[in-house]
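Both ligands and their constituent atoms are indexed starting at 1 by order of listing. The first residue in the sequence is number 1, and the count goes up from there.
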Amino acid sequence: MSAKIIDGKKIAAEMREALKERVKKAGPGLAVIIVGENPASQVYVRNKERACIEAGIRSEVIAFPEEATQEAVMARIDLLNKDPAIHGILVQLPLPAHFDSRKVLDFISAGKDVDGFHPCNMGTLFLGNPGLQPCTPHGIMKMLEHEKVEIRGKHAVVVGASNIVGKPMAVMLLSKGATVTICNSKTRDLGHHTRDADILVVAVGRPNLVTGDMVKEGAVVIDVGMNRLQDGRLCGDVDFDSASEKASLITPVPGGVGPMTIAMLLENTVEAEERSWRR
Ligand code: NAP
């Protein structure tokens, strides 16, 4: 079987277009905080800013130097939490080593937490109530919906159990009726689990960890990994060539999950504003 490629860029573009109507009715504002000079973070922040401008969302990038104190960053978040013109606040990770990232993220008001990382939003997700959801797994669910992938009763295997991708991904799939297996770095015989997956989501950060022989014939394969190779190329966690021989649907890297994550950030910002009217 040769897999159909899921065009994340195209689906994300459609979603961003559809969002423009909602943006017109509102006037959402997003604040993005970046600390230090991590080149990858700077690219991510620039891409988010560009996407906001294109969608008509006001965005403000607040850059702190590497040596900034946690107190200074939190004092700024405090102001943004109280600012009625700002509906979404995002802190670009990773923060420098002298920061307690959890403490900083938890300080963002849950209603403005457009990354969906706040314990209130995570709790809401686990309880199955509507709330601001983590952008990457939410974007993947939208992609599966767009491709009309049946989730109910299927075996979904999530490789990677981080708070920002793997864990919320597993909960979202579970809530749609999948039987879910979550794997981590201690999992014995990873292939034994992945080979049984109808839906396989890989979010680890290791180039080509999952090869074609670890994929079930006809599986839907979602590659979240974003790894920069020595020659500068970007690659995922799945060996695309061998896996696409087995899968029925597969996401490429780049052009798969990444654009969906940004589209969901924009949607969460609009959602946060709409929710602020209802409060
Ligand atoms: P992370 O916080 O480093 O978590 C990695 C997870 O993978 C951990 O749960 C770890 O297990 C597990 N793991 C490590 N080695 C493994 C192995 N050999 N077999 C099975 N599991 C293993 O990473 P993350 O933030 O979730 O990101 C994962 C990847 O996705 C990265 O490449 C990142 O750049 C990418 N990403 C992409 C987007 C996007 O929009 N495209 C968004 C977010 C992240 P333990 O829990 O046991 O340590």
Side-chain angles (χ1 to χ4, degrees), residues 6-9 11-13 15-16 32 38-48 50-51 90-95 97 101-102 105 114-117 122 133-144 156-173 180-197 200-211 213-215 221-230 232-240 243 250-268:
I6 305 180
D7 189 345
K9 215 168 155 185
I11 305 170
M15 290 184 63
R16 280 158 64 163
V32 179
N38 181 323
S41 294
Q42 286 179 333
V43 173
Y44 294 146
V45 167
R46 245 194 327 270
N47 287 345
K48 287 169 188 173
R50 207 175 296 141
L90 179 158
V91 174
Q92 183 64 45
L93 297 176
L95 287 167
S101 301
R102 193 69 258 172
L105 294 179
V114 283
D115 258 337
F117 296 162
M122 282 285 174
Q133 300 188 21
C135 299
T136 301
H138 193 194
I140 293 170
M141 294 305 284
K142 292 275 182 186
M143 235 178 189
L144 295 174
V157 175
V158 180
V159 185
S162 69
N163 288 330
I164 65 171
V165 189
K167 282 186 208 164
M169 182 80 258
V171 171
M172 288 178 195
L173 289 162
V180 182
T181 300
I182 316 178
C183 303
N184 59 30
S185 64
K186 293 98 189 165
T187 299
R188 279 178 280 162
D189 194 358
L190 184 63
H192 167 78
H193 299 281
T194 59
R195 268 190 294 274
D196 194 48
L200 177 61
V201 182
V202 190
V204 171
R206 281 205 22 206
N208 302 332
L209 174 72
V210 171
T211 45
D213 58 315
M214 296 164 75
V215 174
V221 178
I222 307 291
D223 188 354
V224 185
M226 284 222 279
N227 308 295
R228 185 69 66 184
L229 299 175
Q230 276 190 336
R233 273 182 308 131
L234 203 60
C235 90
D237 290 347
V238 176
D239 175 41
F240 184 84
I250 190 165
T251 59
V253 177
V257 174
M260 293 301 292
T261 299
I262 294 198
M264 296 325 294
L265 169 69
L266 303 178
E267 185 168 303
N268 271 356

**Q** Distance under 4.0 Å to a non-hydrogen atom of Arg206: what atoms of ligand 1 satisfy this?
**A** 18 (N)

**Q** Within a distance under 4.0 Å of any heavy atom of Gly258, pick out the atoms of ligand 1 and give their elements.
**A**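 Reading through ligand 1 atom by atom, the close ones are 40 (O), 41 (N).
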
**Q** Would you indicate whether Arg102, at its atom CZ, is surrounded by more than 12 heavy atoms from other residues, nucleotides or ligands within a distance under 6.0 Å?
**A** yes

**Q** Any side-chain to backbone donor/acceptor pair from Asn268 onto Gln133? Under 3.5 Å, distance only.
**A**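 Between the backbone of Gln133 and the side chain of Asn268 there is a qualifying donor-acceptor contact (under 3.5 Å).
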
**Q** Quick check: Leu190 and ligand 1, any N/O pair under 3.5 Å apart?
**A**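 There is no such contact.
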
**Q** Counting heavy atoms only, name the option from Val210, Val165, Leu265 that's nearest to atom 43 (C) of ligand 1.
**A** Val165

**Q** Among Ile262, Val224, Val253, Ile164, which residue places a heavy atom closest to atom 36 (N) of ligand 1?
**A** Val224

**Q** Checking contacts here: is it the side chain or the backbone of Asn227 that comes within 4.0 Å of ligand 1, counting heavy atoms only? Could be both or neither.
**A** side chain

**Q** Distance under 4.0 Å to a non-hydrogen atom of Lys186: what atoms of ligand 1 satisfy this?
**A** 45 (P), 47 (O)

**Q** Please state which option from Ile182, Asn184, Thr136 has its nearest heavy atom closest to atom 19 (N) of ligand 1.
**A** Asn184

**Q** Quick one: does Gly166 get within less than 4.0 Å of ligand 1, heavy atoms only?
**A**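 No, Gly166 has no heavy atoms under 4.0 Å from ligand 1.
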
**Q** Would you please name every residue forming a side chain to side chain contact (heavy atoms under 4.5 Å, CB included) with Asp213, sequence neighbours left out?
**A** Thr211

**Q** What closest approach, in Å, do Pro252 and Ile6 show between heavy atoms, and which atom pair accounts for it?
**A**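 Closest approach of Pro252 to Ile6, heavy atoms only: CD-O, 3.1 Å.
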
**Q** In the complex you have, is atom 27 (O) of ligand 1 within reach of the protein, judged by whether a heavy-atom distance drops under 4.0 Å?
**A** no

**Q** So, Asp237 versus Asn208: side-chain donor-acceptor pair below 3.5 Å or not?
**A**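 There is no such pair (donor and acceptor under 3.5 Å, judged by atom type) between the side chains of Asp237 and Asn208.
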
**Q** Using side-chain heavy atoms (C-beta onward) and a distance below 4.5 Å, is Met260 in contact with Lys9?
**A** no

**Q** So do Val215 and Arg195 actually touch side chain to side chain, heavy atoms under 4.5 Å?
**A**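 Counting from C-beta outward, Arg195 and Val215 never come under 4.5 Å.
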
**Q** Counting non-hydrogen protein atoms only, what is the nearest one to atom 1 (P) of ligand 1? Give residue, atom name and distance.
**A**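 Going by distance alone, atom 1 (P) of ligand 1 is nearest to Ser162 CB, 4.0 Å.
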
**Q** Considering distance alone, does some N or O of Met226 sit under 3.5 Å from an N or O of ligand 1?
**A**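 For ligand 1, there is an N or O atom that lies under 3.5 Å from one belonging to Met226.
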
**Q** Within the distance-only criterion (no hydrogens, no angle test), does the side chain of Asn184 pair as donor or acceptor with the backbone N or O of Gly160 below 3.5 angstrom?
**A**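 Checked: no pair found.
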
**Q** Does any N or O in the side chain of Thr187 come within less than 3.5 Å of the main-chain N or O of Leu190, such that one atom is a donor and the other an acceptor?
**A** no

**Q** Is there a polar contact, in the sense of an N or O pair closer than 3.5 Å, between Ser185 and ligand 1?
**A** yes

**Q** Which residue owns the protein heavy atom closest to atom 9 (O) of ligand 1, what's the atom, and how far is it?
**A** Ala161 N, 2.8 Å

